[in-house]
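Each remark here refers to the structure printed beneath this line.
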Amino acid sequence: MRYPDGILALVTGGAGGIGAATAARLRAEGVRVVTADLAPGADVRLDVTDAEAVDALVGRLGRVDVLVHSAGIVGPARPLAELGTEEWRTTFRVNVDGTFLLCRAVVPGMVRAGWGRIVTLASIAAKEGNPAQSAYSASKAAVVALTKSLGKELATTGVLVNAVAPAAVSTPMNAGTDPAVLARSQALTPMGRFARAEEIAELIGWLCSEHIGFSTGAVYDASGGRATY
Ligand SMILES: NC(=O)c1ccc[n+]([C@@H]2O[C@H](COP(=O)([O-])OP(=O)(O)OC[C@H]3O[C@@H](n4cnc5c(N)ncnc54)[C@H](O)[C@@H]3O)[C@@H](O)[C@H]2O)c1
C-alpha cells in the first residue's frame, strides 16, 4: 500500500487485538507507528478518557498524520434494566469521550498539514443494537455519528475520517464474552465464523493510505456478510 513518506501513525488500543494487528500492518509498510494503551505492551501508556494525557501525548509526538482509534471496551453484558449508572457512563467515557478527545487532539495538526487519516472503530452493534449490550451498542452508534459529522466538517481539508464496523472478531475483547452471545453472533454471520484481527487491520490499513481519496464520513463494513446496510 502507498503512504506519504515520513508520516507518523498513532494507534490507540495498540496493546492487543485489532490495534496491535493494525500497528503491525502499518509497520510492515514502513509507516512509523506509536501505539498507546492503558494495558501494558504498547509503546506509551495512555488512558483515552484523560483529556490532559491525550493532549500531552499528541503534543509530545509533535505530529500525528494517521489516527487509528481502536481503544474501546465492550461494557456490561446484561439487560438495560440491570445496568448501573456508572457502568453505563464508563462505557460512554471510554468509547465516546475517548474518540472525541483523540480526534480533538489530532485534527488541528492534520488540517495544518493538509493531509490526515482518522479511522474510528464502530461495530455491527451500532447498526443492529445487540440485545443485552445497550451501553456498547449506543456508544458505538455515537462513534458512527461523530465520524460522519467530523468527516463532513473536514471534507475539503485533505483529512479523511472513516469508521470500520466489524462483527465479532477473535480478540481478547471477546475472551470473557458469554459463549451464548458469541454463538448468536456467529449464527447471524453468513460466513459462519469470526473475523481475524488481521482482516480488520487490512481494511484499516487501506483507509489510512493514499489509495483512498473520495470517501469520508463513511462506515466500512467488516461483518462477514451480516450487515444489510
Ligand atoms: N472484537 C470484536 O468483536 C469487535 C467487534 C466490533 C468492534 N470492535 C471494536 O474494535 C476496537 C478494538 O477492539 P479489540 O477487539 O481489539 O479489543 P481488545 O480488548 O483486544 O483491544 C482494545 C484495547 O483497548 C484498550 N483500552 C481499553 N480502555 C482503554 C482506555 N481507557 N485507554 C486506553 N486504552 C484502553 C485495552 O487495554 C485493549 O488493549 C474496540 O473499539 C471495539 O469496540 C471489536
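Bear in mind that the values here come from a model prediction, so they are computed numbers and not experimental data. Each ligand, and each atom within it, is numbered from 1 in the order the structure gives. When a residue number appears, it is its place in the shown sequence, counting from 1.
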Top protein contact for [atom], by heavy-atom distance:
atom: atom 11 (C) of ligand 1; answer: S70 O, 3.0 Å
atom: atom 1 (N) of ligand 1; answer: T171 OG1, 3.1 Å
atom: atom 7 (C) of ligand 1; answer: A122 O, 3.1 Å
atom: atom 41 (O) of ligand 1; answer: K140 NZ, 2.8 Å
atom: atom 8 (N) of ligand 1; answer: Y136 OH, 3.4 Å

Output yes when the distance from some N or O of ligand 1 to some N or O of [X] is under 3.5 Å, and no in every other case.
X: V48; answer: yes
X: N174; answer: yes
X: I18; answer: yes

Taking the minimum heavy-atom distance to [atom], which of [options] ranks first?
atom: atom 36 (C) of ligand 1; options: D47, D37, I124; answer: D37
atom: atom 34 (N) of ligand 1; options: T90, L38, V68, V94; answer: L38
atom: atom 5 (C) of ligand 1; options: A20, A167, A39; answer: A167
atom: atom 3 (O) of ligand 1; options: V169, D50, I200; answer: V169
atom: atom 27 (C) of ligand 1; options: A165, G72, G19, A36; answer: G72

Q. Can you list every pair that meets ring-ring contact (aromatic ring centres under 6.0 Å, His included) and has a residue in residues 191-226, with sequence neighbours left out?
A. W206-Y220

Enumerate donor-acceptor pairs with a distance under 3.5 Å from any side-chain N or O in residues 164-171 to protein atoms, sequence neighbours excluded.
{"unit_1": "T171", "atom_1": "OG1", "unit_2": "M173", "atom_2": "N", "d": "3.2"}

Q) Does the T177 side chain pair with the main chain of L182, one donor and one acceptor, at a distance under 3.5 Å? A) no

Q) Atom CE in M191, atom CZ in R226: separation rounded to 0.5 Å? A) 13.5 Å

